[in-house]
Structures are given as C-alpha cells and as structure tokens.
Amino acid sequence: MTAASGIGSWPGSSARDAVRTVADVLSEGSGDVDQVPYLPETPARGPGADLIGRAAGLLVDLPVDLQPSGWRLTDAPGRDLRRAYGFRREDLDEAAEAFDGWQGPLKVQVAGPWTLAASVALPRGERALHDPGAARDLAGSLAEGLRRHLADVARLVPGARLIAQIDEPSLPAVLAGHLPTVSGFSRLRAVEDQVAQEALTTVLAAVPEGVETLVHCCAPDAPVPLLRAAGAGGVSLDLALATPATWEQLAESIEAGTRLWAGLVPTDSPDLTPDTALDPLLRAWERYGLEQHHLENVVVTPACGLAGLTPQDAVRAQRLAHAVARLLAERSA
C-alpha cells in the first residue's frame with residue numbers, strides 16, 4: 001500500500017515534543033494510505049543529538065569524544081559520549097510513552113558506516129576514512145550497536161513493526177574521492193565500490209530478520225545499484241536531485257522489488273500543492289516505462305530532514321507528504 005513517512009530530523013530542542021508530534025501527525029490518515037511514524041532526531045539539543053553524535057553513541061567498544069573539529073575516536077568514554085548516551089535514553093523513554101500500545105510500522109534512523117567514517121576522526125586527527133582498518137572497525141561496531149538499539153526499541157514498543165533506515169549522505173563523495181584531508185591540501189583516496197558495499201552489508205546484515213531496511217542518500221549521484229547489492233530493501237532519495245542515470249538505475253531496482261522512499265516534498269516549500277509535488281514522479285514513471293502497480297509500493301516523504309524548519313512548517317511538510325501519498329493512491333488505483 002502507498003505510504004507516507006519522514007526522513008528523521010525534527011526542529012526544536014524538546015525530545016518529548018518531537019516524538020509526540022511525529023506520533024500524532026503520522027497517526028492521522030485514511031485507510032488508503034499507510035502512515036509510517038519514526039523516532040525523530042532533534043539535533044538542536046546539541047552535540048550527541050546530531051546525526052553523527054547519535055551514531056557515535058551506538059558504537060560498541062569504540063569510544064569517542066568531541067573536539068572543536070568534531071567527533072574523534074579516543075581511548076575512553078568521556079562526558080561528551082555520556083551526554084549522547086543520555087540523549088538516547090531520553091529518546092527511548094519518550095518513544096515508549098508516545099507509542100504505548102502502537103501496532104504498526106515504526107522507523108529508526110542511524111548514520112551509515114561511510115558517513116560515520118567520513119565524519120569521525122582518528123586520534124591523530126585525520127578522518128577515519130583515511131585508515132581502511134579503522135573504517136572496517138567502525139562498520140562492525142556500528143552494526144552491533146544498531147542491533148542492540150533495535151532490540152531496545154522492540155522491547156519498549158513491542159507492537160511495532162520496525163524499519164531500519166541507514167543514512168548515507170556522504171557516500172557519493174566517499175566513492176568519488178571528493179573528501180578533503182584535514183590539511184585541505186589533498187583529497188582522500190576514493191573507496192572502491194566493493195569495499196563500500198561490504199561495509200554497508202555488514203551493517204544491514206545486523207538488522208534482525210523481519211525488520212525492513214532502507215538506505216537514505218539525499219546527495220546527487222546516489223549509488224542505487226550498490227545500495228541494492230548491499231542488501232537494502234529500499235532506497236530513500238531526494239527525487240529533485242535524481243538524474244536520468246539515477247532514474248534508469250531506480251527503474252531497474254524498483255522492477256526487482258526495491259521499495260522507493262520518494263522525497264517529493266521540498267523542505268523549502270511545505271505549502272506546495274499535492275498535484276505539483278506528485279507530478280515529477282508520475283512523469284518519470286511514464287518516461288522510464290515503470291509498471292503502474294509498482295506505485296502501490298512507494299513511500300512519500302519530504303526531500304530531507306525537517307530540523308531546519310519551524311515546528312509549524314515541519315508539521316505542514318509532513319502533512320503534505322501524506323496528502324501526496326493519498327493522491328498517489330488515487331492515481332495508481
């Protein structure tokens with residue numbers, strides 16, 4: 001069934017307000033559209049609540065601390081990591097209350113291994129991406145941390161059908177060798193597709209059986225075939241950035257059963273009409289010869305996270321995603 005959801009981040013510094021608002025907004029709806037609520041990220045709370053800090057707080061046996069340049073691997077956990085642990089406990093407590101008795105899908109997001117390796121530094125200051133061994137260790141540690149995190153969510157919201165979203169906005173730059181070294185005088189060597197796939201597979205394989213998976217990449221040139229080969233059940237893209245080559249890859253993947261999480265609601269235009277937001281998807285569907293019945297498996301989302309909006313605009317964007325999904329359900333019937 002056609003569905004509506006969000007990407008992950010939410011404005012404001014209150015975990016309680018964010019979780020309850022997302023739970024309320026994504027429990028509104030109609031029988032022809034599934035609503036997929038999620039555990040929102042609230043980066044305005046500060047370091048440890050951001051995309052990288054949240055993922056670093058899940059790492060097992062790889063402590064980090066916070067430097068002026070960002071998160072860094074270290075020998076022992078300190079107050080920065082303890083703050084990240086505290087934010088996670090708060091998020092879980094709020095989720096347990098807001099989703100008490102919930103019977104339905106519930107999405108959880110975490111930064112992927114390559115975005116993490118591109119953002120976390122080694123003790124001497126270079127990105128972890130610089131050291132292939134460190135990048136492998138990060139992927140393995142993240143995989144175990146994600147497995148434990150999903151187990152915690154499943155225990156606190158036992159009626160939920162969990163969905164695990166791996167966020168990889170940095171993956172295209174990692175594959176292309178576009179990331180600079182710390183000095184800025186050169187660029188880090190590009191990671192080979194096979195190596196990138198293996199790390200993603202490590203994380204996706206840690207997700208328990210029966211939990212739906214997807215990889216979100218809101219950057220241009222998202223490597224759709226690599227994500228599919230790594231084992232992702234779905235791909236989440238900002239479709240405004242999709243090139244003809246991306247659509248050709250998407251068409252092949254969709255026909256093979258990959259679920260499209262379609263970023264159709266621009267975060268800078270939450271007052272767009274549903275028809276205007278949906279039209280690019282329908283045109284592309286026809287242009288690339290996709291069969292009509294595959295539209296029933298599309299999940300409509302905003303193009304990216306909503307943390308940069310006001311709370312009111314975030315709610316409008318989320319409701320617009322639902323309105324677009326309803327229109328899509330009507331058009332694909």
Side-chain angles (χ1 to χ4, degrees), residues 1-12 14-43 45 49 54-55 57-58 86-110 145-167 204 206-214 216 233-234 236 259 261-262 265 296-302 305-307 311 314-326 328-329:
M1 181 182 288
T2 306
S5 189
I7 298 302
S9 68
W10 197 263
S14 168
R16 169 166 291 194
D17 289 348
V19 173
R20 290 186 175 185
T21 301
V22 169
D24 289 345
V25 171
L26 285 168
S27 63
E28 302 170 354
S30 56
D32 55 351
V33 172
D34 277 343
Q35 293 275 49
V36 183
Y38 51 95
L39 300 188
E41 304 157 358
T42 47
R45 284 184 291 176
R54 284 167 60 91
L58 293 179
F87 285 146
R88 178 175 174 270
R89 287 192 299 269
E90 183 182 11
D91 290 343
L92 291 175
D93 288 344
E94 296 299 339
E97 185 174 338
F99 291 101
D100 183 32
W102 175 252
Q103 301 284 329
L106 181 60
K107 183 164 68 69
V108 178
Q109 306 83 219
V110 64
L146 175 59
R147 185 192 66 78
R148 296 181 186 185
H149 182 53
L150 290 170
D152 286 339
V153 178
R155 173 176 52 83
L156 293 168
V157 192
R161 301 194 310 273
L162 294 184
I163 299 170
Q165 174 181 305
I166 312 302
D167 286 312
L204 290 165
V207 174
E209 186 176 354
V211 174
E212 184 179 347
T213 61
L214 69 142
H216 168 65
S236 171
R259 193 173 199 186
W261 295 63
V265 176
E296 299 173 359
N297 203 33
V298 170
V299 184
V300 177
T301 72
L306 302 176
V315 169
R316 278 198 289 270
Q318 200 62 79
R319 285 181 173 151
L320 177 55
H322 177 250
V324 175
R326 286 191 64 186
L328 177 58

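The side-chain hydrogen bond (donor to acceptor under 3.5 Å, both in side chains) search around D100 returns none, not counting sequence neighbours. Checked against side-chain contact (heavy atoms from CB on, under 4.5 Å), S14 has the following partners two or more places apart in sequence or in another chain: R16, D17. A95 pairs by the side-chain contact (heavy atoms from CB on, under 4.5 Å) definition with L39, F99, not counting sequence neighbours. With sequence neighbours excluded, the residues satisfying side-chain hydrogen bond (donor to acceptor under 3.5 Å, both in side chains) with D91 are R45, R54. Not counting sequence neighbours, the partners of S236 by the side-chain hydrogen bond (donor to acceptor under 3.5 Å, both in side chains) test are H216. Taking the salt bridge (Lys or Arg N to Asp or Glu O under 4.0 Å) definition, one finds that D93 meets it with nothing, sequence neighbours left out. Checked against side-chain hydrogen bond (donor to acceptor under 3.5 Å, both in side chains), R20 has the following partners two or more places apart in sequence or in another chain: E97. S9 pairs by the side-chain contact (heavy atoms from CB on, under 4.5 Å) definition with E41, P43, A307, not counting sequence neighbours. By the side-chain contact (heavy atoms from CB on, under 4.5 Å) test, P208 pairs with L150, V211, sequence neighbours left out.
Inter-residue side-chain proximity for V33 and H322 is flagged as met; some heavy-atom pair is nearer than 4.5 Å. Taking 4.5 Å as the limit, every side-chain heavy atom of V110 sits out of range of all side-chain heavy atoms of D167. Contact check for Y38 versus P105: no side-chain heavy atoms found under the 4.5 Å cut-off. Taking the side chain as every heavy atom from C-beta outward, L106 and V157 approach each other to under 4.5 Å. Counting heavy atoms from C-beta on, the side chains of I166 and L146 come closer than 4.5 Å.
Of the inter-residue distances, the one linking L328 atom CG with D32 atom CG reads 10.5 Å to the nearest 0.5 angstrom.
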>> Using side chain to side chain contact (heavy atoms under 4.5 Å, CB included), reason through I163 and W261 one step at a time and then give a plain yes or no.
In response: CA-CA 12 Å; I163 299 170; W261 295 63; 4.1 Å; yes
>> Checking I7 against Q109 for the side chain to side chain contact (heavy atoms under 4.5 Å, CB included) test, could you report, in this order, the C-alpha distance in whole Å, the side-chain angles of both residues, the deciding distance, and whether it holds?
In response: CA-CA 8 Å; I7 298 302; Q109 306 83 219; over 6 Å; no
>> Applying side chain to side chain contact (heavy atoms under 4.5 Å, CB included) to L92 and H149, what does each step give before you reach the verdict?
In response: CA-CA 9 Å; L92 291 175; H149 182 53; 3.9 Å; yes
>> Does E296 form a side chain to side chain contact (heavy atoms under 4.5 Å, CB included) with M1? I'd like the steps, not just the answer.
In response: CA-CA 5 Å; E296 299 173 359; M1 181 182 288; over 6 Å; no
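In this structure, V298 and A262 approach most closely via the heavy-atom pair CG1-CB, 3.9 Å.
Looking only at distances, a side-chain donor or acceptor of Q318 sits under 3.5 Å from a matching main-chain atom of S5. Side-chain atoms of T213 come within 3.5 Å of backbone atoms of G233 as a donor-acceptor pair (strictly under, hydrogens ignored).
Remark: of the listed residues R259, K107, R161, R259 is the sole one forming a salt bridge (charged side-chain N to carboxylate O under 4.0 Å, His left out) with E212.
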